[in-house]
**Student:** 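Take this structure first; my questions come after.
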Amino acid sequence: MLFMAVDYVSGVVVAGVFRRSKKTQGGGLESKAGFKGLCRKGMILLFVMVAARLDMLIGTTYIRDAAVIGFSVNELLSIVENAGLMGLPLPGILTEAVELLSGETHHTGAS
């Protein structure tokens, strides 16, 4: 939940202060985009709750753990992307990871 909060706040800063959001046409704040983001985060929490219940049924914790780790990594990548949109200097490996996972890589090698 901490990663979700940091991601949401950093996204609001990217849109409201820097006007560089990739979620809106003009890059600025839009209530509809913010509401969609909150709905997605709510769905993530519901997904984790379902995963935890499945674990309770079968007596394990790995389904919940996998869901939490997967969503946490996704939130962390979004936080890194937001930091980059704010102009924060990021190590190349982090920007490459964000580009790779968001499908923004530009293949420069011969095909």
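Keep in mind that this is a model prediction, so the values were computed, not measured. For the single chain, residues carry numbers from 1 onward in sequence order.
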**Student:** Which heavy-atom pair separates R64 from A51 by the least distance, and what is that distance?
**Tutor:** CA-CB, 3.8 Å
**Student:** Only one of I69, L76, V68, N74 forms a side chain to side chain contact (heavy atoms under 4.5 Å, CB included) with S72, so which one is it?
**Tutor:**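 Testing S72 for a side chain to side chain contact (heavy atoms under 4.5 Å, CB included) against I69, L76, V68, N74 leaves exactly one candidate, V68.
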**Student:** Do any pairs count as a side chain to side chain donor-acceptor pair (under 3.5 Å) and have a residue in residues 29-51, sequence neighbours left out, and if so which ones?
**Tutor:** D7-K41, K41-E75
**Student:** Applying a strict under-4.5 Å side-chain criterion to I, L, V, M, F, W and Y, I'd like to know whether V73 and I44 cluster together.
**Tutor:**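 Hydrophobic grouping puts V73 apart from I44.
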**Student:** Linking I/L/V/M/F/W/Y whenever any side-chain heavy atoms sit under 4.5 Å apart, do V6 and Y8 land together?
**Tutor:**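 No; tracing contacts between hydrophobic side chains, which count when under 4.5 Å, never links both residues.
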**Student:** Does the pair K22 and L85 meet the rule for a side chain to side chain contact (heavy atoms under 4.5 Å, CB included), with working shown?
**Tutor:** CA-CA 9 Å; K22 293 182 177 185; L85 290 170; 4.0 Å; yes
**Student:** So V9 and V12, do their side chains get closer than 4.5 Å, heavy atoms only?
**Tutor:**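 Heavy-atom side-chain distance check fails, nothing below 4.5 Å.
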**Student:** Once you round to the nearest 0.5 Å, how far does OG1 of T61 lie from CG of D55?
**Tutor:**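 Here the rounded value is 6.0 Å.
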**Student:** Can you confirm whether more than 12 heavy atoms, excluding those of I93, are under 6.0 Å from its CD1 atom?
**Tutor:** no
**Student:** If I take atom CG from residue N82 and atom CG from residue L88, how far apart are they, to the nearest 0.5 angstrom?
**Tutor:** 11.0 Å
**Student:** Look up atom CG in L29 and atom CZ in R19, then write down how far apart they are to the nearest 0.5 Å.
**Tutor:** 7.0 Å
**Student:** Where do M1 and L45 land on the side chain to side chain contact (heavy atoms under 4.5 Å, CB included) test, with the steps shown first?
**Tutor:** CA-CA 8 Å; M1 287 181 61; L45 292 175; 4.0 Å; yes
**Student:** Taking atom CE of M86 as the centre, does the number of heavy atoms from other residues, nucleotides or ligands within less than 6.0 Å exceed 12?
**Tutor:** yes
